[in-house]
Amino acid sequence: MNKSVNPTVRLIFGIIFIVVSVFALFQSLTVSAAYSLANSEDGATAGAAGLVFSILMLVIGIIFIAARKNNSRGFKTATYIMCVIGFLLALGAMDEFSDMIIYAILLVAGVFFSNRTTRIKDSNNNNKPQMPNTNSSNNDSTDEILKFKKLLDEGAITQKEFDAKKKELLNL
């Protein structure tokens, strides 16, 4: 069994991030425009932080879609770093732009769940259990025969395969 990410989860969160980033982008531009029209400098930083945050979220969404089957440590590290930067931006702009914390929580949850590894079956084994290794000199013949008997009882191997392994292990 290999450890891998679920590409479907990354695809779903990638799409969600892109859609939400578009909403955050328009909301940030609206906040910036409203504060500019009111000649207030308080909201300028919130609008700029929202703009940078929405671009970060858009980039993470595109990366998740483009590299959804990538399981490298560098990929995960890069998305975690962008997530932390986005979360810190959201915390800083939370006073004037209260929706940023909701976007930030969505970003953190999405990056965490998308980068989580799960065990998947090896595609080369055709859903058949692996035969125990009998080439090692440290293996006890009795234990090996019991393992093969268990596989036989589970229907994973045939009686003929069991008999052949038993003869091999007992040197008959």
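- The nearest pair of heavy atoms linking S28 to L51 is OG-N, 3.4 Å.
- Taken together through direct or relayed side-chain contacts under 4.5 Å among Ile, Leu, Val, Met, Phe, Trp and Tyr, L151 and L170 form part of one hydrophobic cluster.
- Closest of all the heavy-atom pairs between I63 and F75 is CG2-CE1, 3.0 Å.
- Here CG of L56 is found 6.0 Å from CD1 of I85. Values are rounded to the nearest 0.5 Å.
- Hydrophobic clustering (side-chain heavy atoms under 4.5 Å, transitive across Ile, Leu, Val, Met, Phe, Trp, Tyr) groups I55 together with F23.
- Under the 4.5 Å side-chain heavy-atom criterion for grouping Ile, Leu, Val, Met, Phe, Trp and Tyr, L25 is not connected to V22 through any hydrophobic cluster.
- No donor-acceptor pair under 3.5 Å is formed between the side chain of S114 and the backbone N or O of V111.
- For the side-chain hydrogen bond (donor to acceptor under 3.5 Å, both in side chains) test, no residue two or more places apart in sequence or in another chain qualifies with T142.
- The backbone N or O of T158 lies less than 3.5 Å from a partner atom in the side chain of E161, making a donor-acceptor pair.
- Note on V19: it clusters hydrophobically with M82, by side-chain heavy-atom contacts below 4.5 Å among ILVMFWY residues.
- Between P7 and K69, the shortest heavy-atom distance links the atoms CB-CG, 3.9 Å.
- In terms of the salt bridge (Lys or Arg N to Asp or Glu O under 4.0 Å) criterion, residue partners of K149 (sequence neighbours excluded) are, by chain and number, D153.
- With rounding to the nearest 0.5 Å, the separation of CD1 in I65 from CG in L11 is 6.0 Å.
- Contact detail for M57 and Y103: the closest heavy-atom pair is CE-O, 3.5 Å.
- Expressed to the nearest 0.5 Å, how far NZ of K147 lies from CZ of F162 amounts to 14.0 Å.
- Rounding to the nearest 0.5 Å places CG of N115 at 3.5 Å from OG1 of T79.
- Of all non-hydrogen atoms in G110 and F64, the two that sit nearest each other are O-CE1, 4.1 Å.
- Side-chain heavy atoms closer than 4.5 Å link hydrophobic residues (I, L, V, M, F, W, Y) into clusters, and following such links, even through other members, never connects L146 to I157.
- Here K160 contributes atom NZ and L152 contributes atom CG; the two are 14.5 Å apart, rounded to the nearest 0.5 Å.
- The shortest non-hydrogen separation linking A104 to F87 is CB-CD1, 3.6 Å.
- Put simply, CD on Q27 and OG on S21 are 12.5 Å apart, with the number rounded to the nearest 0.5 Å.
- Relative orientation of the F13 and F113 rings is parallel, given thresholds of 30° and 60° on the angle between their planes.
- Screening residues 80-94 for side-chain hydrogen bond (donor to acceptor under 3.5 Å, both in side chains) gives no qualifying pairs among residues at least two apart or on separate chains.
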Run the numbers on V59 and F17 for side chain to side chain contact (heavy atoms under 4.5 Å, CB included), then give the verdict. CA-CA 9 Å; V59 168; F17 286 169; over 6 Å; no

